[in-house]
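Only a predicted model underlies this, so the values are computations on that prediction, with no experimental measurement involved. Positions are given from 1 along the sequence.
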Amino acid sequence: MNDRRRERRPSLADGAGEWAAVGQVPRLVAQAPWLLRERRGRGEPVVVLPGRGVGDASTVALRGFLTALGYRCGGWGLGVNDGNVGAAVDRFTTVLEMIVERHGAPVALVGQSMGGTVAREVARARPDLVAQVITLGGPIFSPLSNRPLRVPMTVVYSRADRIVPYPRSLDRAPGSTNVEVTSPHMGMGIDPDVWRVVARQLRTGAEPGEPDGARG
C-alpha cells in the first residue's frame with residue numbers, strides 16, 4: 001500500500017482558533033481527581049496512535065491516564081506519523097500482531113487525528129487483532145479496501161475542530177457511535193471530556209444504540 005492522505009492545510013485563522021487547546025491544561029488538572037474515579041480497566045491492552053507529524057510523545061498524557069485506570073497501554077512505537085496511511089497500516093499491523101501474541105487478546109486502538117485513520121484501516125483489514133476503535137478527530141477517507149468494519153467504533157468529534165471539519169470525522173455506519181465534545185483538534189489528547197469518553201468506551205465498548213452526538 002502507498003496511500004498518502006492529509007488533512008487540509010489550516011489557515012492562520014484556524015491556527016489561532018486551535019490555540020484554545022492550551023486552555024485544556026488547567027481543566028485537566030482541576031478534573032484529575034474525578035477522572036481517576038472512572039471505571040477501571042482489567043489489564044486489557046490498549047494502543048494509542050499519534051496524529052500526523054508527531055509521535056508517541058504526543059500521547060504520553062492520555063496513555064498515562066489509561067495506565068492509571070488499569071489498562072496495559074502503550075504507544076504505536078513507529079516514530080513520527082508521516083501521513084502515509086497505507087504504509088502505516090502495513091507497518092502497524094505487524095506491530096499489532098506481536099502485541100496480540102504477547103497479551104493473548106485483541107487490542108483496543110485509540111487514534112488521534114490521522115492516527116485514527118490508521119486505526120480504522122487496520123481494524124478493517126484485521127478485525128481479529130482489534131477489540132474496538134476510538135478515534136479523536138480522525139478524518140475518514142475512502143477505505144483502502146471494500147471490507148466493512150467489524151469491530152465496535154467510537155468517533156469523538158468537535159464542531160470547534162479547525163483542522164478536520166467535523167463532518168469528515170463522522171461515521172454513519174450502523175453500530176458506530178459518534179460523540180460530540182467541545183475541544184479544538186489539537187486539544188483532544190488533553191481534554192478531560194475526551195478522556196471520559198475514552199475511558200467509558202474502553203470499559204463498556206461501543207454498543208449500537210448508545211447516545212449518538214452526530215447532527216447535521
Would you say the side-chain atoms of [X] pair up with the backbone N or O of [Y], donor to acceptor, closer than 3.5 Å?
X: Arg150; Y: Pro127; value: no
X: Ser176; Y: Arg172; value: no
X: Asn81; Y: Val54; value: no
X: Arg102; Y: Glu97; value: no
X: Ser145; Y: Arg147; value: yes
X: Asp56; Y: Trp76; value: yes

For the atom pair [atom1] ([X]) and [atom2] ([Y]), what is the distance rounded to the nearest 0.5 Å?
X: Gln112; Y: Met186; atom1: CD; atom2: CE; value: 9.5 Å
X: Arg126; Y: Thr93; atom1: CZ; atom2: OG1; value: 7.0 Å
X: Arg196; Y: Trp34; atom1: CZ; atom2: CH2; value: 9.5 Å

Does [X] come within less than 4.0 Å of [Y], counting only side-chain N to carboxylate O?
X: Asp191; Y: Arg27; value: yes
X: Arg72; Y: Glu44; value: no
X: Glu38; Y: Arg203; value: no

Which pair of non-hydrogen atoms, one from [X] and one from [Y], has the smallest distance, and what is that distance?
X: Leu129; Y: Val100; answer: O-CG2, 3.5 Å
X: Leu49; Y: Ala119; answer: CD2-N, 4.1 Å
X: Gly86; Y: Leu144; answer: CA-CD1, 4.1 Å
X: Pro139; Y: Thr117; answer: O-OG1, 2.7 Å
X: Asn178; Y: Leu170; answer: OD1-CA, 3.6 Å
X: Ile140; Y: Ser169; answer: CD1-O, 3.3 Å

Please tell me if the side chains of [X] and [Y] come closer than 4.5 Å, counting only heavy atoms from C-beta onward.
X: Met153; Y: Arg120; result: yes
X: Gln201; Y: Gln132; result: yes
X: Thr154; Y: Val133; result: no
X: Phe92; Y: Glu121; result: no
X: Leu109; Y: Leu96; result: yes
X: Asp171; Y: Thr177; result: no
X: Ile134; Y: Val155; result: no
X: Ser158; Y: Met188; result: yes

Any link between [X] and [Y] through a network of hydrophobic side chains (Ile, Leu, Val, Met, Phe, Trp, Tyr) touching at under 4.5 Å?
X: Val110; Y: Leu36; answer: yes
X: Val80; Y: Leu62; answer: no
X: Leu35; Y: Val60; answer: no

key: From CA spacing to verdict: side chain to side chain contact (heavy atoms under 4.5 Å, CB included), Glu180, Arg159   = CA-CA 8 Å; Glu180 183 172 8; Arg159 293 170 189 265; 2.9 Å; yes
message = Evaluate Trp195 against Leu28 for side chain to side chain contact (heavy atoms under 4.5 Å, CB included), listing each step before the verdict.
response = CA-CA 9 Å; Trp195 283 20; Leu28 190 61; 3.6 Å; yes
key: Stepwise side chain to side chain contact (heavy atoms under 4.5 Å, CB included) check, Arg168 with Phe141   = CA-CA 8 Å; Arg168 292 181 55 197; Phe141 299 117; 3.2 Å; yes
ask   = Under 3.5 Å, is there a donor-acceptor pair linking the side chains of His185 and Arg162?
value = no
